[in-house]
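In this chain, residues are counted from 1 in sequence order.
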Amino acid sequence: DVRGQAICALNEGMITLYLEDYAAGRAASRRGLDLARQMNSHLMEANALANLGAAERELGELGEAIAHMEEGLAIRRTLGQPAELGTDLCDLTVAYCRQGNFAAAQHALTEMLDVYAHAEASMMHPQYILWAAAQTYRMLGDEACAHDYLKRAVLVMQQRLADIPEPELQASYYELPFNRQIVAASERGVWPG
């Protein structure tokens, strides 16, 4: 069951990213990518490339991360999935910033915010988009925009938390890496990298 194996590998890749086990995320995403290509599934291939690039970015493998993210985005743009496109652009924007390629980061940021403006309601984690914008503006030296986007990210995160009725699920949601980073920046002034 190649399809079932691919779905499991993609899910494992995403879960390990949330658990911040990036080496395991890279391995699972590579398996998912191989299986997606065996099936010729462009959707699964785009997902695997996004997860693989995110894991590589967190492991400091910026060249490989950006290449995989760009390859996945080229596929994603053909699939008509604006919410997923926004998240993928978000990951790429942060990778460009970490690489110091601010022109590319600004270009990806513009596209990401345009997608956000049209697809916010369908996004799983819209605060992640706003948080990436805040980080990018800060790296570009625009502290006012950075703090504006940070405030917006906090507001969206709080709205999403309020929509979760169970305290245990709220605690789990709060622990997503980007949510912890948003809180650290807004409450303690601690920003990544």
Side-chain angles (χ1 to χ4, degrees), residues 1-99 101 104-105 108-109 111-112 115-116 119-120 122-133 135-136 153 157 160 172-182 192-193:
D1 182 5
V2 176
R3 183 178 182 279
Q5 290 179 55
I7 290 169
C8 288
L10 293 175
N11 287 339
E12 181 184 349
M14 181 57 68
I15 290 166
T16 53
L17 287 174
Y18 285 152
L19 293 173
E20 299 174 278
D21 185 349
Y22 303 117
R26 178 179 54 195
S29 298
R30 284 181 178 158
R31 279 195 313 277
L33 180 59
D34 290 343
L35 292 164
R37 287 179 171 163
Q38 283 179 37
M39 297 181 338
N40 198 30
S41 170
H42 298 299
L43 173 61
M44 289 188 189
E45 185 176 2
N47 291 338
L49 286 164
N51 291 349
L52 178 57
E56 290 169 332
R57 181 194 64 208
E58 296 306 314
L59 291 167
E61 301 166 358
L62 295 176
E64 296 90 342
I66 289 168
H68 286 130
M69 289 177 185
E70 288 175 342
E71 185 180 355
L73 277 162
I75 297 168
R76 184 80 72 197
R77 286 185 179 100
T78 69
L79 299 176
Q81 297 179 303
E84 292 80 1
L85 177 63
T87 300
D88 292 356
L89 284 164
C90 178
D91 285 330
L92 180 62
T93 301
V94 172
Y96 280 139
C97 285
R98 290 187 189 172
Q99 188 184 51
N101 188 344
L109 172 70
E111 184 180 2
M112 177 185 75
V115 170
Y116 176 82
E120 175 188 1
S122 63
M123 291 181 169
M124 184 181 300
H125 302 297
Q127 74 272 26
Y128 185 39
I129 305 292
L130 300 169
W131 173 231
Q135 293 176 77
T136 304
M157 184 186 76
R160 291 291 173 115
S172 294
Y173 189 75
Y174 184 83
E175 285 299 317
L176 291 173
F178 49 83
N179 286 341
R180 288 196 328 267
Q181 291 173 353
I182 290 167

Those residues at least two apart in sequence (or on a different chain) that pass salt bridge (Lys or Arg N to Asp or Glu O under 4.0 Å) with E120 are none
Got a second to check how far M69's CE is from D91's CG, nearest 0.5 Å? 5.0 Å
Tell me, do P192 and W131 make a side-chain contact under 4.5 Å, heavy atoms counted? yes
Going by heavy atoms in the side chains, are C97 and Q135 under 4.5 Å from each other? no
Test salt bridge (Lys or Arg N to Asp or Glu O under 4.0 Å) applied to E64 - qualifying residues, sequence neighbours left out: none
Return the OG1 to CG distance between T87 and L92, rounded to the nearest 0.5 Å. 12.5 Å
Full working for side chain to side chain contact (heavy atoms under 4.5 Å, CB included) between M14 and N47: CA-CA 9 Å; M14 181 57 68; N47 291 338; over 6 Å; no
Which residue, R77, R76, R57, forms the salt bridge (charged side-chain N to carboxylate O under 4.0 Å, His left out) with D88? R76
F178: which residues meet the ring pair (Phe, Tyr, Trp, His ring centres under 6.0 Å) condition with it, sequence neighbours left out? H125, Y128
With a 4.5 Å limit on heavy-atom distance, are the side chains of T78 and H42 in contact? no
Using the salt bridge (charged side-chain N to carboxylate O under 4.0 Å, His left out) rule, collect all pairs that involve residues 44-53, keeping only residues at least two apart or in two chains. R37-E45
R180 and E20, any side-chain heavy atoms less than 4.5 Å apart: yes
Ignoring hydrogens, what is the shortest heavy-atom contact between A95 and I66? Give both atom names and the distance. CB-CG1, 3.8 Å
Whether R160 side chain and M124 backbone form a donor-acceptor pair below 3.5 Å: yes
Do any pairs count as a side chain to side chain donor-acceptor pair (under 3.5 Å) and have a residue in residues 21-30, sequence neighbours left out, and if so which ones? R26-E61
Indicate yes or no: at least one non-hydrogen side-chain atom of L89 is less than 4.5 angstrom from one of Y116. no
Check: Y173 main-chain N/O paired with N179 side-chain donor or acceptor under 3.5 Å: yes
After noting the C-alpha distance and the side-chain angles of R3 and M44, does the key distance pass the side chain to side chain contact (heavy atoms under 4.5 Å, CB included) rule? CA-CA 9 Å; R3 183 178 182 279; M44 289 188 189; 3.9 Å; yes
Atom of V115, atom of P82 and distance for their closest heavy-atom approach: CG1-O, 3.1 Å
Salt bridge (charged side-chain N to carboxylate O under 4.0 Å, His left out) pairs, two or more places apart, involving residues 4-18: E12-R31
Has the side chain of R98 got a donor or acceptor atom that lies under 3.5 Å from a matching backbone atom of L62? no
